[in-house]
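Below is one structure. I have some questions about it.
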Amino acid sequence: MKIFREIVRNTAMGAQSIDNIFEHVDSERLKNVLLEQKEVMEDFYEKAANELGEKELEDAKSNPMQQFMLKAGVKMNVGLNNSSSHIASMMIDGYNMGIESVQKCINELERDGVEVPPLARDLMKTYDKNIKTLREYL
């Protein structure tokens, strides 16, 4: 199902973004927040991956070039400004992109009369919660 592929793609990218940004974070408190959020993303990833076949899972994963581009973009962006405020802003932007892509899939399922898996709605709530947590660092 497309929604599970989208959840896999989103949460893998989110966890990778945290890995890429982590070494640039000075605040121990923010590091702990990011580690907690990464664990949650990995949990969503596993749950969605379990709903996909091997071929679907492989198709959902980002390719090495996408991973390289993400890492390079994060390094360049954080290299210019590694304040907690900037890092929180970058993470919020990422979560907002995730919300947009997952919501599009949810809307498509609803238009087609297909039941939306609870995992998708739970991910949306988690993204909102993560954004609220990161706002205090802005």
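The first residue of the sequence shown is numbered 1, and numbering continues consecutively from there.
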Non-hydrogen side-chain atoms of Leu119 and Ile3 separated by less than 4.5 Å: no
Test log, rule side-chain contact (heavy atoms from CB on, under 4.5 Å), inputs Arg5 and Cys105: CA-CA 10 Å; Arg5 288 191 306 269; Cys105 285; over 6 Å; no
Tyr95: ring-ring contact (aromatic ring centres under 6.0 Å, His included) partners, not counting sequence neighbours: Tyr127
Heavy-atom neighbours of Lys31 NZ exceed 12 at 6.0 Å: yes
Presence of salt bridge, Lys132 and Asp128, under 4.0 angstrom: no
Ser89 side-chain N/O to Ser85 backbone N/O, donor-acceptor pair under 3.5 Å: no
Val114 side chain reached by Met1 side chain, heavy atoms, under 4.5 Å: yes
Beyond-backbone contact of Leu109 with Pro117, side-chain heavy atoms, under 4.5 angstrom: yes
Same cluster (ILVMFWY, side-chain, under 4.5 Å), Ile99 and Met97: no
Worked verdict on Glu39 versus Asp43 for side-chain contact (heavy atoms from CB on, under 4.5 Å): CA-CA 6 Å; Glu39 285 179 23; Asp43 186 48; over 6 Å; no
Flag side-chain contact, heavy atom, 4.5 Å: Val33 against Gln37: yes
Cluster overlap Met90 with Phe22, hydrophobic side-chain contacts below 4.5 Å: no
Note, Met91 side chain near Ile18 side chain (heavy atom, < 4.5 Å): yes
Pair Leu134-Leu30, side-chain contact (heavy atoms from CB on, under 4.5 Å): steps then yes or no: CA-CA 8 Å; Leu134 290 167; Leu30 181 55; 3.9 Å; yes
Beyond-backbone contact of Thr126 with Phe44, side-chain heavy atoms, under 4.5 angstrom: yes
No-hydrogen, no-angle side-chain donor-acceptor test under 3.5 Å, Glu6 and Asn10: yes
Cationic N near anionic O, under 4.0 Å, Arg121 to Glu110: yes
SB check Lys104 Glu100 (cutoff 4.0 Å): yes
Modelled atom types, side-chain donor and acceptor of Gln103 and Asn107, under 3.5 Å: yes
Heavy-atom pair with the smallest gap, counting every atom of Val102 and Ala120: CG1-O, 4.4 Å
Nearest-0.5 Å distance, NZ of residue Lys38 to OG of residue Ser17: 11.0 Å
Heavy-atom side-chain contact between Glu23 and Asn82 under 4.5 Å: no
